[in-house]
Structure formats: C-alpha cells, structure tokens
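To find a chain, count down the sequence lines: A is the first, B the second, and so on, and within it residues start at 1.
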Amino acid sequence: MTPAARRPRISIVQAGLHVGETVEIPGWLYNLRRSGKIAFPILRDGTGILQCVAVKSQLPESLFESVKGLTQESSIIVTGRIRQEPRAPGGYELDLENLEIFQRVPEAEPYPITPKEHGIDFLLDHRHLWLRSRRQHAVLKIRHEISRAIRDYLDSHGFTLLDTPVFTPAACEGTTTLFEVNYFDHEKVYLTQSGQLYNEATAMAFGKVYTFGPTFRAERSKTRRHLTEFWMVEPEMAYATLEDVKQVAEELIVFVVGRVLENRRAELAVLERDVSKLENIKAPFPRMSYDQAVELLHQKGSEIQWGADFGGTDETLLGEDFNLPVMVDRFPTAIKAFYMQPDPERPEVALGVDVLAPEGYGEIVGGGQRIHELDLLLRRIDEHGLPREAFDWYIDLRRFGTVPHGGFGMGLERCIAWICGLEHVRETIPFPRMLYRTRP
RNA sequence: UCCUCAGUAGCUCAAUGGUAGAGCAUUCGGCUGUUAACCGAAGGGUUGUAGGUUCGAGUCCUACCUGAGGAGCCA
C-alpha cells in the first residue's frame with residue numbers, strides 16, 4: 001500500500017467516532033469464526049475488541065484465504081469501514097477490505113491459551129500471555145484506575161509524593177520477615193517492608209507526604225490474600241491525630257471506589273462484579289474499638305482472647321453485618337509496632353486503626369498515630385529489644401520540633417481484589433511474586 | 001514451618017486392580033451472520049519421579065518432586 005492510500009489509523013475504543021469511515025486498526029487476532037464463504041475475525045488491540053467481517057464474494061480470493069487461515073494472536077493490521085451492528089459484540093463492526101499480517105502464529109505451535117477453560121497453574125506459567133485475555137485486561141485496567149485515583153486524591157489534598165528507599169538497613173517493624181540483600185559490604189541491607197519511618201522524616205519537612213511503591217515481606221504465607229512483593233500507598237501527616245488518620249483513610253477509600261464506578265463500569269461488567277455493593281460504599285464507615293470488636297466476635301462464636309490479633313475468619317465475621325469497610329481502633333499495645341502511640345488515658349491500648357474491607361477481603365488499611373515524645377520512644381525501643389543505634393535518625397525526629405503525627409498504609413492489591421470481587425490477589429498485579437512462584 | 005488436596009494427550013478432565021478415553025486446540029473436508037459457532041474425519045500418551053505389593057497397577061503402599069488451598073504471620 002502506498003503512503004498516499006493509507007487510511008487513518010485508530011484504536012478500537014475510538015470505533016464509535018468513525019462510523020461510516022474507512023480506517024486502519026493494528027492489533028492481534030483474538031478469535032476467528034468462519035464458514036465457507038464468510039469469516040468473522042475478532043480483533044483485539046489493548047483498548048477493546050472489534051468484530052470484523054470478511055465476505056468471500058466481495059474480496060479477492062487470496063485475501064479471503066489469508067483471513068480464513070489466520071491463527072489466534074497473530075499480529076495483524078485490518079483496514080475497512082466501520083459500521084453500527086447490533087449483532088456484533090460492542091455494537092460496531094468493521095467490513096474488512098484489506099489485511100496486513102505482521103506475524104502469523106504458526107499452527108505447529110499454536111497460541112497456548114485457548115478460549116476454553118484452563119487451570120490456574122497453567123495460566124500462571126503463561127502469565128505473560130494470560131494478560132491478553134479479557135478478564136485480566138479488565139482487572140489491570142481497574143488497577144491502573146485505582147492507582148491513579150489514589151494519587152489524584154492525595155495530590156489534591158496537599159500531600160507531596162516523596163519516594164522512600166527500597167534498600168533499608170533496618171527493620172521498620174518486625175525483624176523476621178525481611179529479604180536480605182547480599183551486596184553491600186559495610187552493613188546488612190534488606191528490601192523495604194514499609195516506607196513509614198522515612199515518611200515520618202519527610203512529613204516533618206513537607207507536612208503531608210506519601211510514598212507509593214513496592215514492598216517486600218518474607219512471610220511464608222500461602223493464601224489468597226498474600227504476595228511476597230506488593231504495592232502499598234502510605235500517607236503520613238504532621239500535626240495529626242488518630243482521628244485525622246481515620247478520616248483520610250475513609251475519604252480515600254470512598255474516593256477510589258467512586259472513581260472506579262465512574263470510569264470502569266465496562267471492566268466491572270466483564271468481571272461480573274455486583275456494582276450495587278460498591279455503590280453502597282459511602283462515609284461514614286462503622287467504627288468500633290478493639291474491645292468492642294472482641295465482644296462482637298464473642299457474640300458471633302469466635303474464641304478470640306483479648307490481646308490477640310484477629311485471624312482471617314475474625315476479619316470476615318467483623319465485616320459481615322455491615323456492607324461497608326469497618327474501622328477498628330485502639331488495639332492492644334503489646335501486639336502493635338514499637339512506634340505506635342499508646343492511648344494516654346489507657347496505655348495498654350495503642351492509637352492504631354485497621355480498616356477491614358467488606359465481603360471477607362480482610363485488612364486493607366493499617367495505621368495510626370506515632371509516638372512523638374523522645375523518652376517514650378526510647379523506652380518502647382528498649383522494651384522491644386531493638387538497638388537504639390539502628391534508629392538514631394528516627395529518634396532525632398523527636399529531638400528537633402517533634403509534633404503529634406500519624407498515617408497509614410493501604411495495600412493496593414487487596415483493594416483491587418475487593419473492588420474487582422476476585423478470589424485471589426495474584427490476578428491484581430501483572431506479574432505476581434509468591435512463595436513458590438517467581439516466573440514469568 | 002505445619003495441615004489438606006492434586007499431578008493421565010498442548011489444555012480441561014474421565015477411566016470397579018483387567019485392551020488409555022472424551023471435549024477443546026491442531027490438520028483435512030463441509031457450511032453466507034457467526035457469538036467459547038457448528039457438522040464429519042485424522043494425528044496426538046514413558047499416566048510427575050523412583051521403588052514396592054500383585055498373575056496383572058493410571059488405580060493399592062512407601063519415599064521424593066512439583067503445584068494448589070488453608071493455618072500461623074501480615075497489607
């Protein structure tokens with residue numbers, strides 16, 4: 001085809017804007033249905049899916065034959081006229097006039113993911129190809145929407161994005177769940193499990209800050225809620241109390257759900273998500289103390305003891321009566337990290353809050369108010385058996401203009417799994433990293 | 001780390017201890033409106049690995065390997 005004859009190149013999502021025009025669309029063959037004299041190649045281009053029609057009597061013999069011989073996921077550029085067509089999925093159809101085959105997938109080694117069912121092991125082994133399927137495409141479009149909504153909310157509420165390091169010399173919280181990096185000679189270095197301690201430093205410099213990036217937990221967990229590498233957004237605010245933290249977490253969640261409902265209805269439909277459950281997500285969320293939560297759990301038959309953390313089934317039980325995320329605060333100080341501010345009126349509980357997602361998706365947010373008094377922080381570090389010298393700079397923050405402050409971490413993949421209504425977080429990230437799976 | 005379950009054709013799965021099977025995918029043929037298209041035919045197997053019991057093992061036993069779900073722990 002000479003450059004002069006070249007048609008305007010569009011993407012499938014724009015098809016409705018070009019009805020009656022002859023256009024060129026680059027993409028991949030999603031599927032092909034054919035009979036003797038008519039063929040329906042279905043084109044996929046990353047923005048949508050479009051059915052094309054090739055009629056034998058209206059095309060050169062060789063062109064019709066090459067359409068009939070197309071194989072799944074061959075890369076092709078189609079040219080033709082766009083038409084409204086109620087029989088076609090999506091409502092538009094392209095009358096094929098020309099076909100350029102960039103690469104024809106050979107039938108000796110056909111595309112492995114067929115339109116029929118596959119097991120999870122096979123799909124995860126072929127994750128690099130699985131990403132092309134409709135469901136995965138929908139999930140990852142929603143992931144993008146959620147990430148963007150999180151940034152938009154924080155950016156428009158005075159937060160500054162300040163990235164925190166992935167290599168860290170000390171544990172932020174626990175000490176047993178760190179990935180060690182064997183490279184640095186002068187000291188032991190690990191992959192971050194939270195950017196929070198650094199956020200406290202940047203919050204004292206910028207007021208309201210956040211970090212949004214990957215975190216790593218070497219927990220030998222093997223459940224539908226766990227990844228070894230996952231993304232977390234962590235806002236932190238100077239001059240903030242537990243109540244401020246709870247309010248921001250609530251507003252952020254409401255905003256994110258609203259954005260997905262506004263912009264990703266089609267993707268939710270592909271996932272067959274019950275959107276009425278999402279439309280219900282409005283402030284205020286139910287709030288309860290840890291004490292009240294334990295009492296409620298006892299009523300529901302749980303055998304949880306005061307002082308213990310919630311198990312997976314406890315989290316589900318707590319959420320089941322409300323169709324909203326539930327905020328639980330004032331956990332026992334003993335089970336929380338050393339930096340959590342004890343309640344001044346009741347030091348055995350800490351000013352921390354967890355947000356539990358509805359429908360059994362578990363904890364999506366954890367946070368609270370941090371200790372701002374130097375003496376108290378030093379005492380807590382000692383009580384946890386931690387070396388003061390590892391936290392020298394962190395302790396410094398309490399020496400130079402310390403203020404009450406707090407923040408939280410929100411797990412991106414758990415949010416996506418909840419909003420999409422997925423069984424497992426492994427589908428919420430392009431290339432999941434799990435206990436027994438690091439490829440592709 | 002512990003508990004439970006699974007491994008048979010490229011994929012999803014059948015097969016009472018007695019000749020290894022189907023659907024999809026692939027190839028060939030048919031079909032002018034298909035919607036995971038349909039109809040007919042063909043090719044395709046070291047039943048995860050190694051031992052054992054048995055006249056005979058995909059099936060029973062032991063160990064190992066690989067994976068899945070869950071517990072603990074966590075977002």
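- The nearest whole Å value for the distance from the OH atom in Y111(A) to the C1' atom in C11(B) is 13 Å.
- Counting only N and O atoms by type, the side chains of E251(A) and Y153(A) include a donor and acceptor under 3.5 Å apart.
- Going from atom CZ of F216(A) over to atom C1' of C74(B) covers 16 Å, rounded to whole Å.
- When both pairing distances are held under 3.5 Å, G51(B) makes a Watson-Crick or G-U pair with C61(B).
- Distance noted for atom C1' between U16(B) and G30(B): 41 Å (whole Å).
- Listed nucleotides: G33(B), C74(B), C24(B). Nearest to the side chain of E93(A): G33(B).
- If you take CD of Q72(A) and C1' of C24(B), they are 11 Å apart, rounded to a whole angstrom.
- Considering all non-hydrogen atoms of both residues, L32(A) and A39(A) come closest at CD1-CB, 4.4 Å.
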For residues 407-427 of chain A, run the donor-acceptor check on the side chains, cut-off 3.5 Å, and write out each pair with its distance to 0.1 Å, sequence neighbours left out.
residue: E413(A); atom: OE1; partner: W231(A); partner atom: N; Å: 2.9
residue: E413(A); atom: OE2; partner: R143(A); partner atom: NH1; Å: 3.0
residue: E413(A); atom: OE2; partner: R143(A); partner atom: NH2; Å: 3.3
residue: E413(A); atom: OE2; partner: W231(A); partner atom: N; Å: 3.4
residue: R414(A); atom: NE; partner: R225(A); partner atom: O; Å: 3.2
residue: R414(A); atom: NH1; partner: E363(A); partner atom: O; Å: 2.9
residue: R414(A); atom: NH2; partner: R225(A); partner atom: O; Å: 3.4
residue: E423(A); atom: OE1; partner: R224(A); partner atom: NH1; Å: 2.6
residue: H424(A); atom: ND1; partner: R426(A); partner atom: N; Å: 2.9
residue: E427(A); atom: OE1; partner: Q136(A); partner atom: NE2; Å: 2.9

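- The existence of a salt bridge linking E236(A) and R370(A) is confirmed by a sub-4.0 Å separation between a basic side-chain nitrogen and an acidic carboxylate oxygen.
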What does the list of N/O pairs under 3.5 Å between the protein and nucleotides 29-32 of chain B look like, with a distance for each?
residue: U32(B); atom: O4; partner: S57(A); partner atom: OG; Å: 3.4

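- For the pair R44(A) CZ and A36(B) C1', the interatomic distance rounds to 16 Å; values are reported in whole Å.
- When rounded to the nearest whole Å, the span between CD of E73(A) and P of G10(B) equals 21 Å.
- Note on R81(A) versus E97(A): no salt bridge recorded, every NZ/NE/NH1/NH2 to OD/OE distance being 4.0 Å or above.
- Between the P atoms of A71(B) and C64(B), the separation comes to 25 Å (whole Å).
- Residues from residues 122-134 of chain A placing a heavy atom under 4.0 Å of any atom in RNA chain B, listed by number, are F122(A).
- In summary, E250(A) and R287(A) engage in a salt bridge, as defined by a charged side-chain N under 4.0 Å from a carboxylate O.
- Between the C1' atom of A36(B) and the CG atom of L32(A) lies a distance of 13 Å, rounded to the nearest Å.
- Nearest to the side-chain atoms of D309(A) among the listed nucleotides G67(B), C74(B), C24(B) stands C74(B).
- Residues V353(A) and F331(A) are not in side-chain contact: their nearest non-hydrogen atoms beyond the backbone lie 4.5 Å or more apart.
- Looking at Y198(A) and D163(A), their side chains never bring a donor and an acceptor atom within 3.5 Å of each other.
- Rounded to an integer number of Å, the gap from CG of L70(A) to C1' of U34(B) is 16 Å.
- Taking atom CZ on R33(A) and atom C1' on U34(B), their separation rounds to 6 Å, with Å as the unit.
- Residue contacts shown for P89(A) include a base, since a base heavy atom lies under 4.0 Å away.
- Side-chain contact check for D291(A) and S289(A): no donor-acceptor pair (N or O, by modelled atom type) lies under 3.5 Å.
- Between G58(B) and G17(B), the two P atoms lie 13 Å apart (nearest whole Å).
- At a threshold of 4.0 angstrom between heavy atoms, the contacts of V425(A) with the nucleic acid are absent.
- Figure legend. U19(B) is base-paired to no nucleotide; pairs are counted as Watson-Crick or G-U wobble with both atom distances under 3.5 Å.
- Across all strands shown, the partner of U66(B) is A6(B), judged by Watson-Crick or G-U wobble contacts whose two distances both fall under 3.5 Å.
- Applying the Watson-Crick and G-U wobble criteria (two distances, each under 3.5 Å), A75(B) pairs with nothing in any strand.
- Taking atom P on both nucleotides, U46(B) is separated from A20(B) by 14 Å, rounded to a whole Å.
- Q51(A) comes within 4.0 angstrom of a nucleotide base, judged by non-hydrogen atoms across all strands.
- Summary of the strand contacts: N31(A) and V53(A) both lie near RNA chain B, and taking for each the nucleotide with the nearest heavy atom, the more 5' one is attributed to V53(A).
- When both pairing distances are held under 3.5 Å, G33(B) makes no Watson-Crick or G-U pair with any nucleotide shown.
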Protein-nucleotides 69-72 of chain B N/O pairs under 3.5 Å:
residue: G69(B); atom: OP1; partner: H424(A); partner atom: NE2; Å: 3.2
residue: G69(B); atom: OP1; partner: R426(A); partner atom: NH1; Å: 2.3
residue: G69(B); atom: OP1; partner: R426(A); partner atom: NH2; Å: 3.2
residue: G69(B); atom: O3'; partner: R224(A); partner atom: NH2; Å: 3.0
residue: G70(B); atom: OP1; partner: R224(A); partner atom: NE; Å: 2.0
residue: G70(B); atom: OP1; partner: R224(A); partner atom: NH2; Å: 2.3
residue: G70(B); atom: OP2; partner: R224(A); partner atom: N; Å: 2.8
residue: G70(B); atom: OP2; partner: R224(A); partner atom: NE; Å: 3.3
residue: G70(B); atom: N7; partner: K222(A); partner atom: O; Å: 2.9
residue: A71(B); atom: N6; partner: R220(A); partner atom: O; Å: 3.2
residue: G72(B); atom: O6; partner: S221(A); partner atom: OG; Å: 3.0
residue: G72(B); atom: N1; partner: R220(A); partner atom: O; Å: 3.0

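- Side-chain atoms of E65(A) and S62(A) form no donor-acceptor pair, as typed in the model, at a separation below 3.5 Å.
- In this structure, D152(A) pairs ionically with R259(A), as a charged nitrogen and a carboxylate oxygen lie closer than 4.0 Å.
- Residue side chain F40(A) fails the stacking definition with respect to G33(B), as its ring centre and the base's six-membered ring centre are not both under 5.5 angstrom apart and under 30 degrees in plane angle.
- At a threshold of 4.0 angstrom between heavy atoms, the contacts of L227(A) include nucleobase atoms, whether or not backbone atoms are also involved.
- Using a 4.0 Å cut-off between charged side-chain N and carboxylate O, R87(A) and E93(A) make no salt bridge.
- In this structure, a donor-acceptor pair under 3.5 Å is absent between the side chains of S74(A) and Q103(A).
- If you check G40(B) for Watson-Crick or wobble pairing at under 3.5 angstrom, you find it paired to C28(B).
- Every residue meeting the side chain to side chain donor-acceptor pair (under 3.5 Å) condition with D329(A), not counting sequence neighbours, appears here in chain and number order: K246(A).
- The stretch residues 299-307 of chain A has no heavy atom under 4.0 Å from RNA chain B, so no residue of it qualifies as close.
- Residues E85(A) and R414(A) both approach RNA chain B. Their nearest nucleotides, taken by heavy-atom distance, put E85(A) toward the 5′ side.
- Considering only side-chain atoms of E117(A), the nucleotide from A36(B), A75(B), U26(B) that sits closest is A36(B).
- The pair E359(A)-R273(A) meets the salt-bridge criterion, with a side-chain N (NZ, NE, NH1 or NH2) lying under 4.0 Å from an Asp/Glu carboxylate O.
- Separation of the F391(A) and Y339(A) ring centroids does not fall under the 6.0 Å cut-off.
- When each of L129(A), D121(A), L123(A) is checked for a side chain to side chain contact (heavy atoms under 4.5 Å, CB included) with D125(A), only D121(A) meets the rule.
- Distance check on atom P: U12(B) versus G51(B) gives 28 Å, rounded to whole Å.
- Taking the C1' atoms as reference points, A63(B) lies 43 Å from U27(B), given to the whole Å.
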